[in-house]
Amino acid sequence: IDHKGDILINQGESEIYVYGKDRAGNEADPLYFKVRIDSLKPSVEYSIDEDPVDGWYRSSTVSVSLEDTSSSTDGSPVSISYRWDHEDWTLYRSPLEIREGSHVLHYSAVDGAGNAMDPRTVDLRKDSVMPSSHIEINGLLDNSTVEIWNNITFDMSDSIDASGIQFYKMDFGDGTVTSWSGYSDFRHSYGEPGTYVVTGWVKDMAGNEQSTTIKVTVWKNPEQVVGDGNGSDNTMIILAGGLLLLLLHVVFLIHLLVIL
């Protein structure tokens with residue numbers, strides 16, 4: 001092909017042969033070139049072997065993989081690097097285990113031609129550790145006894161978790177169960193004597209739940225007038241007093257009639 005001027009060379013590797021001839025028809029020795037053009041930046045995508053729950057990974061071992069997804073197959077080899085948070089960059093060789101807690105994974109790549117990918121980041125949150133639940137009771141007469149109808153407070157604020165406790169829930173053992181709440185303390189009173197098994201639950205930011213139980217003994221003071229909190233004992237006392245007065249009044253009338 002007779003050609004004058006520039007030659008357009010496409011991306012990838014090309015072989016070029018150049019032949020020359022002067023006006024007298026003398027041919028020059030042919031020239032051979034192998035040219036590789038790579039001006040495209042590499043591209044890397046991440047993949048994770050587990051689906052998150054509300055943005056959290058909850059398995060003890062979760063891995064993230066980095067893969068070269070460059071569109072050109074004729075480009076030079078790609079070297080992938082990564083770092084966690086503010087640590088130093090490290091050459092990527094195999095899948096990475098996601099760390100406990102909230103972390104930022106930075107990743108980038110550069111090919112043999114020196115084309116560098118713009119660094120990217122992904123926020124990763126993992127909590128595979130169950131929370132620790134704890135109940136403190138305020139308002140008891142001693143370690144585990146409370147008088148009937150007296151209000152006591154169940155406090156779960158000492159429960160701990162790496163990602164933070166988000167919700168609390170309580171079963172008082174007498175048929176009363178609360179809904180999940182953002183508050184850690186619950187007030188309650190018991191209307192019947194007995195021993196109750198109280199169960200408290202906590203749920204962390206990742207959705208992990210843990211429970212603990214504690215026993216509460218409820219007793220009734222024999223000298224206590226109000227027994228059920230609704231005034232039934234007072235009502236019985238008033239009715240008995242009224243009947244006694246009525247009986248005395250009848251006896252007085254009979255005695256008066258006899259005298260007359």
For [X] and [Y], which heavy atoms make the closest approach, and how far apart are they?
{"X": "S108", "Y": "W89", "answer": "N-CZ3, 3.9 Å"}
{"X": "G191", "Y": "I148", "answer": "O-CD1, 3.1 Å"}
{"X": "S133", "Y": "V202", "answer": "CB-CG2, 3.7 Å"}
{"X": "D68", "Y": "I80", "answer": "N-CD1, 4.0 Å"}
{"X": "V198", "Y": "M170", "answer": "CG1-SD, 3.6 Å"}
{"X": "I135", "Y": "G200", "answer": "CD1-N, 3.7 Å"}

Transitive ILVMFWY side-chain link [X] to [Y], under 4.5 Å:
{"X": "V110", "Y": "V44", "value": "no"}
{"X": "M205", "Y": "I98", "value": "no"}
{"X": "Y46", "Y": "Y82", "value": "yes"}
{"X": "W201", "Y": "M130", "value": "no"}

Rounded to the nearest 0.5 Å, how far does [atom2] of [Y] lie from [atom1] of [X]?
{"X": "D127", "Y": "D204", "atom1": "CG", "atom2": "CG", "value": "4.5 Å"}
{"X": "R120", "Y": "L66", "atom1": "CZ", "atom2": "CG", "value": "11.0 Å"}
{"X": "Y107", "Y": "Y92", "atom1": "OH", "atom2": "OH", "value": "11.5 Å"}
{"X": "E147", "Y": "S189", "atom1": "CD", "atom2": "OG", "value": "12.0 Å"}
{"X": "S70", "Y": "M117", "atom1": "OG", "atom2": "CE", "value": "9.0 Å"}
{"X": "I137", "Y": "M156", "atom1": "CD1", "atom2": "CE", "value": "11.0 Å"}

Short question: side chain of [X], backbone of [Y] - any donor-acceptor pair under 3.5 Å?
{"X": "D111", "Y": "P77", "answer": "no"}
{"X": "K169", "Y": "K203", "answer": "no"}
{"X": "T121", "Y": "L105", "answer": "no"}

Going by atom types alone, do [X] and [Y] pair a side-chain donor with an acceptor below 3.5 Å?
{"X": "T69", "Y": "S43", "value": "yes"}
{"X": "T153", "Y": "D155", "value": "no"}
{"X": "S128", "Y": "E100", "value": "yes"}

So [Y] and [X], do their side chains get closer than 4.5 Å, heavy atoms only?
{"X": "T199", "Y": "V177", "answer": "no"}
{"X": "N138", "Y": "I152", "answer": "no"}
{"X": "Y57", "Y": "R125", "answer": "no"}
{"X": "W84", "Y": "V104", "answer": "no"}
{"X": "K21", "Y": "N26", "answer": "no"}
{"X": "E136", "Y": "D158", "answer": "yes"}
{"X": "N208", "Y": "R58", "answer": "yes"}
{"X": "I160", "Y": "I165", "answer": "no"}

Review point. According to the salt bridge (charged side-chain N to carboxylate O under 4.0 Å, His left out) rule, which pairs have a member within residues 76-94, sequence neighbours left out?
Key: E87-R99
Review point. How would you list all residue pairs meeting side chain to side chain donor-acceptor pair (under 3.5 Å) that involve residues 175-185, not counting sequence neighbours?
Key: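 Checked against side chain to side chain donor-acceptor pair (under 3.5 Å) - neighbours excluded - the pairs reaching residues 175-185 are D174-T176.
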Check your understanding: Any salt bridge between E97 and K126, counting N to O under 4.0 Å?
Key ->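 Answer for the salt bridge query: yes.
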Review point. For the rings on F172 and F154, is their centre-to-centre separation under 6.0 Å?
Key: yes
Check your understanding: Step by step, would you call F186 with H188 a ring pair (Phe, Tyr, Trp, His ring centres under 6.0 Å)?
Key -> CA-CA 7 Å; F186 302 84; H188 190 66; over 10 Å; no
Practice item. Output, in order, the C-alpha distance, side-chain angles, deciding distance and verdict of side chain to side chain contact (heavy atoms under 4.5 Å, CB included) for I48 and L124. Key: CA-CA 10 Å; I48 300 174; L124 299 172; 3.6 Å; yes
Review point. Passes side chain to side chain contact (heavy atoms under 4.5 Å, CB included), H86 versus H106? Steps please.
Key: CA-CA 9 Å; H86 301 289; H106 305 250; 5.7 Å; no
Check your understanding: Name the one of V146, I214, V218, D171 that satisfies side chain to side chain contact (heavy atoms under 4.5 Å, CB included) with Y196?
Key ->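 Only match with Y196 under side chain to side chain contact (heavy atoms under 4.5 Å, CB included): V218.
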